[in-house]
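Worksheet: the structure to be examined is printed underneath.
For the single chain, residues carry numbers from 1 onward in sequence order.
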Amino acid sequence: FSAGEGGALLVNNIVGQQGSDTSSAPGIQLTAAWPKRVVNRASELVAAVRGAPRSRVAFIEIVGKLMLEEPLVLDRPVVLSGGQARGGKAGGSVAELCGAPGTSAVVIIAPGGEAAALCQLTIRLPAGGAGVPGPRPGASCVDIVAGSP
C-alpha cells in the first residue's frame, strides 16, 4: 500500500464500512474495498471525482502536475493521493494540483465531501504576473465550505 491507500483503508474501516459479515473474527487483516483510479490529466481527475460513489470512499491516485481550469469540487468521500516517485522512494510524491489564474481556490470541500482527504499532494494557486491574473483576494488553496478543517 502507498501511504494514501493506508490512510484511506484506516479511515474506511474506522467508520464501519469494512463490511457487515458477522463471521469475521476480530484481528483479521484489513482489506481495501473501495474503487481506485489513477489519473494523469485534469480532465481524468474531474471525471473520476464526478464518477465516484457517494456511499463509500473512493481512492484516486494523481500522477504528475495537473493544471485545473476551475476549482475541483469534492462533494463526496474521496481520497486524493499523490503517486509514488519513480523508483518507489518513500515520501516521493510527484503529484501537484495547480489552480487556474484568477480563481479563489484550487480545491473546494463542499457538502457531501466532509470525509474527503488529500494526501501527499502539492496544491498551488498561480502567483500571477506578466498579464496573468493572480489569485483573488482571500483566496486559499483549499476552501472548506462544509464540515471543519
Side-chain angles (χ1 to χ4, degrees), residues 1-19 29-149:
F1 287 118
S2 69
E5 286 176 299
L9 178 61
L10 180 63
V11 168
N12 206 32
N13 283 280
I14 288 173
V15 297
Q17 297 179 13
Q18 179 62 18
Q29 182 176 357
L30 300 178
T31 58
W34 61 78
K36 175 182 176 180
R37 287 192 55 186
V38 177
V39 298
N40 296 286
R41 296 185 319 217
S43 60
E44 293 174 347
L45 174 59
V46 171
V49 169
R50 289 181 181 159
R54 293 183 185 272
S55 60
R56 61 184 178 143
V57 175
F59 184 83
I60 302 170
E61 183 175 316
I62 299 169
V63 179
K65 181 177 183 178
L66 307 184
M67 304 295 290
L68 299 170
E69 295 178 8
E70 58 187 34
L72 179 66
V73 177
L74 302 181
D75 60 354
R76 53 201 76 212
V78 295
V79 175
L80 302 182
S81 179
Q84 291 296 319
R86 296 181 203 271
K89 295 180 182 177
S93 174
V94 293
E96 184 174 340
L97 294 178
C98 298
T103 59
S104 59
V106 179
V107 176
I108 298 173
I109 306 294
E114 296 87 351
L118 307 171
C119 304
Q120 295 183 309
L121 292 172
T122 301
I123 302 174
R124 297 181 195 269
L125 279 168
V132 176
R136 293 182 182 160
S140 63
C141 290
V142 179
D143 187 10
I144 300 173
V145 297
S148 59

Notebook entry, point to check: Which distance, rounded to the nearest 0.5 Å, do you find between the SG of Cys98 and the CG of Leu68?
Noted result: 8.0 Å

Next item on the list: Would you give the length of the straight line joining atom NZ of Lys65 to atom CG of Leu97, rounded to the nearest 0.5 angstrom?
Entry: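 The distance works out to 11.0 Å.
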
Item checked: Whether Glu114 side chain and Gly112 backbone form a donor-acceptor pair below 3.5 Å ->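 It does hold such a pair.
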
What's the shortest heavy-atom distance between [X] and [Y], and which atoms?
X      : Y     : value
Ala42  : Met67 : CB-O, 3.4 Å
Leu121 : Ala95 : CD2-CB, 3.4 Å
Cys119 : Val79 : SG-CG1, 4.2 Å

Residues 69-77 side chain polar contacts: donor-acceptor under 3.5 Å, at least two apart:
residue: Asp75; atom: OD2; partner: Arg54; partner atom: NH2; Å: 3.4
residue: Arg76; atom: NE; partner: Val49; partner atom: O; Å: 3.2
residue: Arg76; atom: NH1; partner: Arg50; partner atom: O; Å: 3.1
residue: Arg76; atom: NH1; partner: Ala52; partner atom: O; Å: 2.9

Next item on the list: Give me the one residue out of Leu118, Val39, Asn40 that meets side chain to side chain contact (heavy atoms under 4.5 Å, CB included) with Ile62.
Entry: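 Filter result, single survivor: Val39.
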
Item checked: Pair listing, salt bridge (charged side-chain N to carboxylate O under 4.0 Å, His left out) test, anchored in residues 95-104, at least two apart ->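 Applying salt bridge (charged side-chain N to carboxylate O under 4.0 Å, His left out) to every pair that reaches into residues 95-104, excluding sequence neighbours, yields Glu96-Arg124.
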
